There are 2 protein chains.
Amino acid sequence: MKTNLKRKIIIVDDHLLFSQSLELLIKSFGDYEVIERFENGKVFIDYLEENNSTEIDLILLDVNMPVLDGLSTMQWLKDNRPDLKVIALSVNDDEEIIIKMITNGAKGYLLKDTSPEIFKEAIECVIEKGFYFTELVSGMLINKVNSDNKKICLKEKEIVFIKHACTEMTYKEIASEMCLSPKTIDGYRESLFDKLEIKTRIGLVLYAIKHKIVFV
Amino acid sequence: MKTNLKRKIIIVDDHLLFSQSLELLIKSFGDYEVIERFENGKVFIDYLEENNSTEIDLILLDVNMPVLDGLSTMQWLKDNRPDLKVIALSVNDDEEIIIKMITNGAKGYLLKDTSPEIFKEAIECVIEKGFYFTELVSGMLINKVNSDNKKICLKEKEIVFIKHACTEMTYKEIASEMCLSPKTIDGYRESLFDKLEIKTRIGLVLYAIKHKIVFV
DNA sequence: ACAAAAAAGGGTATATTTCCCCTTGCCGGA
DNA sequence: TCCGGCAAGGGGAAATATACCCTTTTTTGT
């Protein structure tokens with residue numbers, strides 16, 4: 001058996017059913033072998049640190065994982081092993097995450113409802129040409145470039161204020177919690193309402209949750 | 001080949017990579033064959049209605065799907081094909097969903113990070129004995145029975161009001177939107193604040209999002 | 001027909017929102 | 001060096017919106 005001629009793939013995914021099944025699917029393509037599987041970014045990085053000379057052709061990296069998630073893992077890879085090729089896998093089509101994975105060096109981003117045919121094409125494409133982007137992802141990249149100019153950036157204090165605003169505290173209570181005059185808080189609120197194009201505290205709460213400033 | 005002696009399994013899951021891979025995994029167990037795969041509850045039900053005499057030993061049903069999700073599909077099965085055995089598959093350990101799937105007749109509930117060994121055991125168990133519950137699920141069932149007495153139930157109008165309260169509308173606007181007097185809205189609010197043990201509209205918004213009454 | 005809900009109202013105290021103005025300190029260009 | 005600008009922090013006052021009482025009228029189910 002000429003196993004050593006096959007492309008070497010690593011799967012990092014906490015869904016054991018998925019990762020083990022996916023290994024079988026990849027095997028069925030013929031040209032690839034799955035040399036390792038890990039259930040989160042932490043154990044994967046541990047492995048890389050102890051086996052830094054292993055030949056790896058491609059990494060399939062899940063985005064949502066416990067312990068160390070795909071994004072953090074991608075950041076580590078960017079800093080420590082930028083040579084490795086990664087395709088991110090996720091059920092999640094959240095634009096922000098996708099953009100972050102790609103800016104951190106992912107060579108492709110596939111949703112888990114991708115067909116096996118496209119999946120195979122993506123693997124081949126990334127190994128051969130270095131990248132593979134679906135229309136969804138390309139669209140987001142373009143969208144991103146076009147809206148990069150007027151992007152909203154929140155200061156640290158504003159973030160703290162927003163978090164407090166997403167509780168049942170009154171503004172007065174928030175002010176004393178943050179050791180500021182209620183009037184300053186008032187100023188924060190006004191400038192945020194203006195910046196975020198909202199009109200009420202309810203709008204602020206919805207914005208905060210939508211943009212993951214606070215969690216529910 | 002004695003294919004006709006194998007147990008017949010159907011997979012319903014929108015994640016094509018997963019469902020196709022899972023089919024390979026199931027095949028590798030030896031005693032089973034995947035006779036059909038569907039990508040949402042709708043096409044699965046369509047199939048059942050046109051092939052109501054097909055022999056099916058087990059259905060693996062994903063919970064989160066587009067078009068018609070696992071819960072709705074389970075409800076249809078309960079009403080129309082209570083004879084079919086279903087194992088629900090999900091990444092989601094939300095207690096409410098799990099309980100609902102089981103009260104609608106699911107014979108098992110597995111998270112997708114289950115190991116293939118447990119998965120195989122669960123399949124065998126459901127086909128042979130009729131059910132399989134992990135500790136997680138059993139724990140929830142017990143928990144459920146113990147806390148069933150004082151559960152909060154919201155009326156239809158209250159739900160509608162809550163949805164409106166999660167926007168930047170004022171109560172006055174909500175009243176006219178719902179064709180009610182502002183005072184009636186006032187009453188809704190008060191009774192909800194009381195029932196949900198909250199003190200402000202912000203609290204109501206947070207409750208609504210946490211309990212999936214509204215989506216962000 | 002009667003009790004229980006649902007709907008609506010009155011009144012009042014706070015909270016929130018909005019607008020416009022003031023100080024202080026810091027930074028960059030003329 | 002001086003000066004304008006600008007950002008952060010704070011203020012007054014007024015208009016609305018919210019929150020919390022408690023009462024009355026209408027519907028509704030049985």
Side-chain angles (χ1 to χ4, degrees), chain A residues 147-216, chain B residues 147-216:
Chain A
S147 67
D148 233 9
N149 34 12
K150 52 170 179 176
K151 100 151 163 266
I152 291 155
C153 100
L154 300 173
K155 303 176 201 46
E156 194 50 37
K157 285 240 179 142
E158 286 178 324
I159 303 269
V160 174
F161 164 66
I162 290 177
K163 288 187 191 209
H164 284 120
C166 293
T167 70
E168 294 199 319
M169 275 190 270
T170 67
Y171 288 134
K172 216 174 293 183
E173 289 166 339
I174 295 173
S176 85
E177 183 74 23
M178 290 178 68
C179 302
L180 291 171
S181 147
K183 279 305 187 176
T184 305
I185 292 299
D186 206 41
Y188 284 12
R189 182 183 49 66
E190 272 195 73
S191 96
L192 281 170
F193 279 17
D194 197 42
K195 223 188 285 193
L196 308 179
E197 297 180 80
I198 53 181
K199 286 186 299 297
T200 67
R201 184 164 163 181
I202 304 296
L204 187 59
V205 172
L206 297 172
Y207 177 92
I209 292 169
K210 198 171 311 191
H211 292 78
K212 304 184 207 309
I213 295 167
V214 298
F215 301 100
V216 287
Chain B
S147 68
D148 233 9
N149 33 13
K150 52 170 181 177
K151 95 156 167 266
I152 290 156
C153 102
L154 300 173
K155 301 175 201 50
E156 195 50 37
K157 286 235 178 144
E158 286 179 324
I159 304 269
V160 174
F161 164 66
I162 290 177
K163 288 187 192 207
H164 284 119
C166 293
T167 70
E168 296 200 318
M169 275 190 271
T170 66
Y171 288 135
K172 216 174 293 185
E173 289 167 337
I174 294 173
S176 85
E177 182 74 21
M178 291 177 69
C179 301
L180 291 171
S181 145
K183 279 302 183 177
T184 305
I185 292 301
D186 206 38
Y188 284 13
R189 181 180 50 66
E190 271 196 72
S191 100
L192 281 169
F193 279 16
D194 197 40
K195 220 186 291 191
L196 307 179
E197 297 181 78
I198 53 181
K199 286 184 299 297
T200 66
R201 184 165 165 181
I202 304 297
L204 186 60
V205 172
L206 296 173
Y207 178 92
I209 292 169
K210 199 172 309 190
H211 292 78
K212 304 185 204 312
I213 296 168
V214 298
F215 302 100
V216 289

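Owing to the predicted nature of the structure, the values given are computational and were not obtained by experimental measurement. So you know, we letter chains A, B, ... as the sequences are listed, proteins then strands, and number each from 1.
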Salt bridge (Lys or Arg N to Asp or Glu O under 4.0 Å) partners for B:Lys157, two or more places apart: none

Non-neighbouring partners of B:Glu168 that pass salt bridge (Lys or Arg N to Asp or Glu O under 4.0 Å), sequence neighbours left out: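 Result, salt bridge (Lys or Arg N to Asp or Glu O under 4.0 Å) vs B:Glu168: A:Lys199.
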
Salt bridge (charged side-chain N to carboxylate O under 4.0 Å, His left out) partners of residues 202-211 of chain B, not counting sequence neighbours, each pair once: none

Interatomic distance where CD belongs to A:Glu156 and P belongs to D:dA7 [whole Å]: 19 Å

Axial bend angle, the helix from C:dA1-D:dT30 to C:dA30-D:dT1: five-pair end segments, nearest 10°: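 Inter-axis angle at the ends, rounded: 40°.
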
Pairs where residues 180-190 of chain A contributes a residue and the test side chain to side chain donor-acceptor pair (under 3.5 Å) is met, not counting sequence neighbours: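 Pairs touching residues 180-190 of chain A that pass the test: A:Asp186-A:Arg189.
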
Sequence-aligned protein contact record of nucleotides 17-27 of chain D, with B where the base is within under 4.0 Å of a protein heavy atom and S where only the sugar-phosphate is: SSBBB------

For [X], check side-chain contact (heavy atoms from CB on, under 4.5 Å) against everything at least two apart and list the hits.
{"X": "A:Ile159", "value": "A:Leu154, A:Lys163, A:Ile213"}
{"X": "B:Ser176", "value": "none"}
{"X": "A:Lys212", "value": "A:Asp94, A:Phe215"}

Spacing of B:Leu206 atom CG and A:Ile209 atom CD1 [to the nearest 0.5 Å]: 5.5 Å

Start and end of chain B contact along DNA chain C [non-hydrogen atoms, under 4.0 Å]: C:dA6 to C:dG11

Sugar-phosphate, base or nothing in reach of B:Thr184, heavy atoms under 4.0 Å: base

side-chain hydrogen bond (donor to acceptor under 3.5 Å, both in side chains) partners of B:Glu177, counting only residues at least two apart: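 B:Glu177 satisfies side-chain hydrogen bond (donor to acceptor under 3.5 Å, both in side chains) with no other residue.
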
Polar side-chain atom of A:Arg201 near backbone of A:Ala165 as donor-acceptor pair, under 3.5 Å: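 Checking the backbone N and O of A:Ala165 against the side chain of A:Arg201, a donor-acceptor pair under 3.5 Å is found.
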
